[in-house]
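Okay, so here's the structure we're looking at.
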Amino acid sequence: MRILELNEDTKKDILNNLLRRSPNNYTEYEDKVNAIIGDVKAKGDAAVFDYTARFDGFALNADNIVVTKEEIDQAYKEIDPGLVEVIRKALANIRDYHAKQKRNSWFDAMPKGTILGQKITPIAKVGVYVPGGKAAYPSSLLMNVIPAKVAGVERIIMCTPPGKDGNIYCGTLVAANEAGVDVIYKAGGAQAIAAMAYGTESIPKVDKIVGPGNIYVALAKKAVYGQVGIDSIAGPSEILVLADETANPRYVAADLLSQAEHDELASAILVTTSTELAKKVSDETELFIKELSRGEIITRSLENYGYILIAKDMDEALDIANEIASEHLEIVTKDPFQTMTKIKNAGAIFLGEYSSEPLGDYFAGPNHVIPTNGTAKFFSPLEVDDFIKKSSIVCYSREALEEIHEDIEKFAEAEGLTAHANSIKVRFER
């Protein structure tokens, strides 16, 4: 990995380079995505079937678009029973963590006759997109479905692309069944997003769409936002490790590569105050790459977006960490809890040398759908709140309104909205 001294020039170059990975920069695909969405909106199932044949090589129709109970039963026969147990353990951890996020409606009644409050209502229908093929991640399915279930969503449907034989990866089907997905549809890509956003003869319109996908899926979600809600426009994966001289270079190198293996757009960055650690981590990454199955992808990822940055002190290291606002931030310092108090921007924070990023990806419980591309400065991980709606409650008695009606009328008249003022005034006419 390249080792750079951290200064204003390298900081600026790195930030600009990382921003190039944002889905917002891939505008050349937007026309294709918009054409697909337009076709599905106009032709419904026929367009979904056509694009599935074209892109996935499977002859989809109204009779085979829904995954059957027999197909789910077959998935349980094909999957390693040990993996089913792991899925169930992870599911329990995810559910328990998100259960602590659940809110209740509240009402505040005052003696003079005012009641103010907030009514919490789950979203009625949610669509979950799950990638297929080599990018099939049952763990992401759990992270998207479980918070919705905890929130009380009434109906959860799922779209995922079929293989050429019409089959779906057994791990995906088992995870969906364990998580409580109501219906699974064999449809992928931008066409599946459009189907869930507008509805077709087979696929119902939903109220919100969540889940990861390729650039076509990301841009399709962006295009239908407003017609339905979405979780976010997720960019490529990223990790930043903040370390001092106490860190184990082999652990740090392994953690950096755990994200670099996603794809060539993934980012892996070490920020350290130790030149010695920087060199050792660089050496360890070279050794690991020779052993790992996705060595080619890792190499391209590190060449494009991999950095080891040497800061003059921990304050400078913290400054660049907060500026990058990484999706995953590992803190491997002498006192990681103290260091963590100075972090303002990060999607998920992992403390100490035994809290490596994959722990969060698979098992610990916090959601791994996390803001990328610096959006951790203003976004949060996927949570139960993403699957609820809040309605404000206002109730005033005549006595309570009488005390303040002239204030409201004055405010409305100052804005030139006399009908607003009149709506209050008529209640106190002589």
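What you see below is based on every heavy atom in this structure, not just the backbone, and it leaves out hydrogens, waters and symmetry mates. These numbers were taken from a predicted model, which means no experiment stands behind them.
Looking only at side-chain heavy atoms (C-beta outward), D361 and Y137 stay at 4.5 Å or farther from each other. Side-chain contact between I324 and I269 is present, with at least one heavy-atom pair separated by less than 4.5 Å. When side chains are defined from C-beta on, E383 counts as touching D386, because their heavy atoms get closer than 4.5 Å. Counting heavy atoms from C-beta outward, H262 and I297 have side chains that stay 4.5 Å or more apart. Put simply, the side chain of I203 reaches to within 4.5 Å of the side chain of M196, judged on heavy atoms. When side chains are defined from C-beta on, I14 counts as touching L309, because their heavy atoms get closer than 4.5 Å. The closest side-chain heavy-atom distance from I36 to F55 is below 4.5 Å. Counting heavy atoms from C-beta outward, L329 and I343 have side chains that approach closer than 4.5 Å.
The distance from atom CG of D96 to atom CG of L91, rounded to the nearest 0.5 Å, is 9.5 Å. Between the CG atom in D108 and the OG1 atom in T114 there is a gap of 7.5 Å [rounded to 0.5 Å]. Note that CZ of R300 is 10.5 Å distant from CG of L265, once rounded to the nearest 0.5 Å. To the nearest 0.5 angstrom, N367 atom CG is 11.5 Å from S380 atom OG. The CG atom of L141 lies 6.5 Å from the OG1 atom of T172; values are rounded to the nearest 0.5 Å. The CE atom of M1 lies 8.5 Å from the OG atom of S301; values are rounded to the nearest 0.5 Å.
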Could you walk me through whether T10 and K12 pass side-chain hydrogen bond (donor to acceptor under 3.5 Å, both in side chains), step by step?
CA-CA 5 Å; T10 55; K12 183 178 179 181; over 6 Å; no
For M158 and Y185, run side-chain contact (heavy atoms from CB on, under 4.5 Å): C-alpha distance rounded to whole Å, both residues' side-chain angles, the deciding distance at 0.1 Å, then the answer.
CA-CA 6 Å; M158 183 180 116; Y185 296 94; over 6 Å; no
Let me see the working for L60 and N64 under side-chain contact (heavy atoms from CB on, under 4.5 Å), right down to the final yes or no.
CA-CA 6 Å; L60 193 66; N64 63 18; 3.4 Å; yes
side-chain hydrogen bond (donor to acceptor under 3.5 Å, both in side chains), that's the test. Do T372 and E327 meet it? Break it down for me.
CA-CA 5 Å; T372 58; E327 177 188 20; over 6 Å; no
Check the pair D39 / Y51 against side-chain hydrogen bond (donor to acceptor under 3.5 Å, both in side chains), numbers first and verdict last.
CA-CA 10 Å; D39 277 351; Y51 285 116; 2.4 Å; yes
Please determine whether side-chain contact (heavy atoms from CB on, under 4.5 Å) holds for the pair T299 and E296, giving the CA-CA distance in whole Å, both sets of side-chain angles, and the decisive distance to 0.1 Å.
CA-CA 5 Å; T299 298; E296 269 187 55; 5.8 Å; no
Could you walk me through whether D244 and T333 pass the side-chain hydrogen bond (donor to acceptor under 3.5 Å, both in side chains) test, one step at a time?
CA-CA 5 Å; D244 61 17; T333 59; 4.6 Å; no
Go through it in stages, so that I can follow the logic: the residues are I123 and I388, the test is side-chain contact (heavy atoms from CB on, under 4.5 Å), and I'd like the CA-CA distance, side-chain angles, deciding distance and then a yes or no.
CA-CA 5 Å; I123 291 173; I388 63 170; 5.9 Å; no
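Around CZ of F58, the count of heavy atoms belonging to other residues, nucleotides or ligands within 6.0 Å exceeds 12. Residue-environment remark: CZ (F411) stays at or below the threshold of 12 foreign heavy atoms within 6.0 Å. Around the OH atom of Y29, the shell of radius 6.0 Å holds no more than 12 heavy atoms that belong to other residues, nucleotides or ligands. For Y225, the OH atom sits in a loose shell: 12 or fewer heavy atoms of surrounding residues, nucleotides or ligands are nearer than 6.0 Å. Shown here is F337, whose CZ atom has no more than 12 heavy atoms of other residues, nucleotides or ligands within 6.0 Å. More than 12 non-hydrogen atoms from other residues, nucleotides or ligands lie less than 6.0 angstrom from NZ of K377. Within a 6.0 Å sphere centred on NE2 of H420, other residues, nucleotides and ligands contribute 12 heavy atoms or fewer. Surrounding NZ of K205 are more than 12 heavy atoms belonging to other residues, nucleotides or ligands, all under 6.0 Å away.
Checked by atom type and distance alone, the side chain of D255 never pairs as donor or acceptor with a backbone atom of S356 at under 3.5 Å. E238 places no side-chain N or O within donor-acceptor distance of the main-chain N or O of S326, the cut-off being under 3.5 Å. The backbone N or O of G163 sits nowhere less than 3.5 Å from a side-chain atom of N167 that would complete a donor-acceptor pair. Distance alone, capped at 3.5 Å, is enough to place a donor-acceptor pair between the D231 side chain and the G211 backbone. Of the possible donor and acceptor atoms, none in the side chain of N93 sits under 3.5 Å from a partner among the backbone N and O of G365. Side-chain N or O atoms of T52 include one that pairs as donor or acceptor with a backbone N or O of V48 at under 3.5 Å. The main-chain N or O of E261 is found under 3.5 Å from a side-chain atom of R294 such that the two form a donor-acceptor pair. The closest donor-acceptor contact from the side chain of D182 to the backbone of I156 lies under 3.5 Å. In this structure a side-chain-to-backbone donor-acceptor pair under 3.5 Å is missing from E316 to A311. Under a 3.5 Å cut-off, the side chain of H405 and the backbone N or O of L401 do not form any donor-acceptor pair.
Between D385 and R103 there is a salt bridge, since at least one side-chain N of the basic residue sits less than 4.0 Å from a carboxylate O of the acidic one. Between R427 and E402 there is no salt bridge, since no side-chain N of the basic residue sits under 4.0 Å from a carboxylate O of the acidic one. The residues E403 and K112 are annotated as salt-bridged, a charged nitrogen and a carboxylate oxygen being separated by less than 4.0 angstrom. Checked for salt-bridge contact, K69 and D73 meet the test: a charged N lies under 4.0 Å from a carboxylate O. Classification of K186 and E71 as a salt-bridged pair holds, one side-chain N sitting under 4.0 Å from a carboxylate O. Between E85 and R88 there is a salt bridge, since a side-chain N of the basic residue sits under 4.0 Å from a carboxylate O of the acidic one.
In this structure, I320 and V271 approach most closely via the heavy-atom pair CG2-CG1, 3.7 Å. Nearest heavy atoms, V206 versus I209: CG2-CG1, 3.7 Å. Heavy atoms only, all atoms of each residue included: P371 and T375 are closest at CB-OG1, 3.2 Å. Residues A190 and V217 approach most closely at N-CG2, 4.4 Å, considering heavy atoms. Looking at every heavy atom in both residues, V394 comes nearest to Y396 through CG1-CD1, 4.2 Å. Considering every non-hydrogen atom in both P162 and I168, the closest pair reads CA-CG1, 4.3 Å.
A side-chain donor-acceptor contact under 3.5 Å links Y76 and E178.
Relative orientation of the H328 and F350 rings is tilted, given thresholds of 30° and 60° on the angle between their planes.
Partners of D319 according to the salt bridge (charged side-chain N to carboxylate O under 4.0 Å, His left out) rule, which considers only residues two or more places apart in sequence or in another chain, are K11.
For the side-chain hydrogen bond (donor to acceptor under 3.5 Å, both in side chains) condition, the pairs that include at least one residue of residues 139-156, sequence neighbours left out, are S140-H368.
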